[in-house]
Every structure is written in C-alpha cells, then in structure tokens.
Amino acid sequence: MSSQNRTSRLTSLDILKRKGGEPLVALTAYTAPMARIVDEVADVALVGDSLGMVVYGLDSTVPVTLEMMSLHGQAVTRSTTRALVVIDMPFGSYEEGREQAFRNAARLLKETGAGAVKLEGGLRMADTVRFLVERGVPVMGHVGLTPQAVNTLGGYKAQGRSKAEWPALIADATAIADAGAFALVVEAVAEPLAAEITGRIAIPTIGIGASATCDGQVLVLDDMLGLTGRVPKFVKAYGDLAGQAREAVRTYAAEVRSREFPGEAHVYSLKAE
C-alpha cells in the first residue's frame with residue numbers, strides 16, 4: 001500500500017508540467033480530517049504557516065515554529081495519498097543563510113514526508129532556492145504580499161497597484177523561477193501584474209488574490225469554508241461551517257439540559273444473561 005501511495009501521489013515535477021494547462025487546485029490543510037477532504041480534489045495540499053493564525057489564534061505567522069509545522073505536516077501527509085504536500089518554512093528558519101535553510105528544509109521533509117517546501121521572498125532568496133534545489137529539496141516560491149514580512153511591509157497590503165512597483169515584483173518572480181523553483185505563489189498583487197508575471201515565467205503561478213489567468217489558485221481552507229470570521233477581499237465564501245457548527249452546538253446544549261441526550265440509541269444496555 002505504501003508503495004502504491006508513493007507512485008500515485010503527485011510530485012513537484014507533475015506540478016511543474018501543468019504550466020499553461022488545466023488550472024491547479026491548491027488548498028491549505030492543517031489537520032487529518034480536513035486533509036482527507038482536501039485530498040479528494042486538490043493537486044496541492046499546503047501546510048501553511050497561516051496555521052498560526054487559524055489554529056493557534058496568533059496575530060501573524062511570525063511566531064510559528066518549526067515544531068508546529070512539523071507536527072501538522074505529519075498529520076497532513078499521513079492523511080493524504082494523492083495531493084502533493086507542500087510545507088511552509090516558518091519565519092526565521094531559512095533567512096539567515098543557505099546552510100540554515102537546507103538544514104531546516106531537510107528536517108521538515110524527513111519528519112513530515114512532505115514532497116516540497118515553500119519559502120517567501122524574491123531576489124534576496126534566489127540563491128537560497130538554488131542551493132536547496134541543487135541538493136534535492138523541491139521549492140515553491142512566494143512573492144507579492146509576503147505575510148512573514150508584515151512588520152516591514154506595514155500591514156497586509158496589496159502589492160503592485162502602482163506600475164512603478166512592477167519592475168521589482170517581476171524581478172522577484174523571475175529570479176525565483178530562474179533559481180529552480182517548481183511553482184510560485186503570487187499573493188495580493190494587482191490583477192494585470194499577476195497576469196504579466198504568469199506570462200513571463202516558465203513555472204506555474206498559483207494565485208491568491210491575484211488573477212484568474214494564473215496557472216492555479218490557492219485559498220486558506222478555513223477562510224473559504226466560513227470558519228474564520230473576517231477574511232481578505234480575495235476570499236470567496238463557499239460555505240458557512242461556523243454557522244452550522246453554532247447551530248449544532250446550541251442543539252447539543254439544549255438536549256443535554258433537557259436530558260434528551262444521551263437517548264436510548266447512545267447508551268449501553270446490560271447483556272442478556
């Protein structure tokens with residue numbers, strides 16, 4: 001069974017080959033139950049450092065640790081058989097240098113069984129991306145709005161809304177593609193710029209608040225299911241699981257207080273003697 005899973009699971013090379021083809025479907029996954037659902041339809045299951053905010057209630061992704069990413073990555077990989085599992089490298093785990101990045105990327109791949117890592121940054125990270133790829137670590141890049149840099153960006157602001165910003169962002173995307181990344185997340189950039197980047201680079205772009213012309217799309221699963229409350233403009237609600245959960249919890253509470261639950265179907269009777 002394990003051999004079958006390895007051969008049927010999508011790889012970074014499979015994703016790379018999808019450039020210009022059928023759009024790639026990517027969603028975040030942090031837990032085993034959600035990973036199983038995502039695996040039914042997604043090409044990429046992203047264990048995003050957004051789990052810091054979604055799961056742990058943190059204000060940003062900055063405090064997320066390697067240990068957090070590893071534990072959630074293990075759960076997602078164990079619970080999927082088809083999607084390529086990509087795991088975010090958290091803030092502070094790769095920026096210091098190429099060797100630090102390789103050491104921590106290797107640890108994540110070994111401990112989780114994920115098929116690739118994702119890291120943020122453009123030109124400044126190109127040398128690190130090349131170093132990792134040359135040593136057997138598939139890398140997904142991430143440019144545009146890079147949430148780990150929220151403290152230097154001054155907040156979660158869309159990028160490239162002025163054409164004066166375009167050359168630097170295009171240079172970032174090109175540098176990561178040329179360094180050997182197999183795909184590139186383009187987050188919260190002006191739609192025409194996302195289309196321009198997609199047309200310029202040879203690897204698939206995966207948009208999040210970018211453009212329908214990107215080679216794929218990704219959303220935070222909990223956002224699109226209506227579980228997280230306030231969400232960015234680029235999120236479309238595909239469900240209201242928070243509303244359904246509230247109703248279920250209220251019904252449970254009412255039945256407990258009225259002693260309607262547990263009923264006969266939910267208790268154990270004596271064995272016949």
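Since the structure is predicted, the reported quantities are computational estimates derived from the model, not experimental observations.
Using a 4.0 Å cut-off between charged side-chain N and carboxylate O, E196 and R200 make a salt bridge. Salt bridge status for D43 with R18: present, with a side-chain N to carboxylate O gap under 4.0 Å. The residues E255 and R250 are annotated as not salt-bridged, no charged nitrogen and carboxylate oxygen being separated by less than 4.0 angstrom.
Among all heavy-atom pairs drawn from Y156 and D59, the shortest one is OH-O, 3.9 Å. The minimum heavy-atom distance linking D49 with V64 is given by the pair O-CG2, 3.5 Å. The two residues T65 and P90 come nearest to each other via the heavy atoms C-CG, 3.8 Å. The nearest pair of heavy atoms linking V117 to A105 is CG1-CB, 4.2 Å. Of all heavy-atom pairs spanning A83 and A45, the tightest one is CB-N, 3.9 Å.
For the pair W166 (side chain) and G160 (backbone), a donor-acceptor distance under 3.5 Å is present. Although no hydrogens or angles enter the test, the distance criterion places no donor-acceptor pair under 3.5 Å between the side chain of D223 and the main chain of V231. Side chain of R82 to main chain of A42: a donor-acceptor pair is present (N/O by atom type, distance under 3.5 Å, no hydrogens or angles). E273 places no side-chain N or O within 3.5 Å of a backbone atom of K271 that could act as its donor or acceptor partner. The closest donor-acceptor contact from the side chain of N104 to the backbone of A101 lies at 3.5 Å or more, if one exists at all. Distance alone, capped at 3.5 Å, is enough to place a donor-acceptor pair between the Q217 side chain and the S211 backbone.
In this structure, R246 places its CZ atom where only 12 or fewer heavy-atom neighbours from other residues, nucleotides or ligands lie under 6.0 Å away. Other residues, nucleotides and ligands contribute more than 12 heavy atoms inside 6.0 Å of the CZ atom of R130. In the displayed structure, E165 atom CD is contacted under 6.0 Å by more than 12 heavy atoms of other residues, nucleotides or ligands.
A chain of hydrophobic side-chain contacts below 4.5 Å, direct or via other Ile, Leu, Val, Met, Phe, Trp or Tyr residues, connects I87 to M34. Neither L153 nor L123 shares a network with the other; the hydrophobic side chains, linked directly or stepwise wherever heavy atoms of I, L, V, M, F, W or Y lie under 4.5 Å apart, form separate groups for each. Hydrophobic clustering (ILVMFWY, side-chain heavy atoms < 4.5 Å, transitive): L46 and L66 are in one cluster. Residues M53 and V185 do not share a hydrophobic cluster, clusters being chains of Ile/Leu/Val/Met/Phe/Trp/Tyr side chains in contact below 4.5 Å.
Of the candidates L132, D88, T146, L119 forms a side chain to side chain contact (heavy atoms under 4.5 Å, CB included) with just one, namely L132.
Aromatic ring orientation, H266 versus F261: tilted (interplanar angle from 30° to 60°).
For the residue pair Q74 / T112, no side-chain donor-acceptor distance below 3.5 Å is found, with atom types taken as modelled. Checking Y252 against E247 by side-chain atom types alone, no donor-acceptor pair falls below 3.5 Å.
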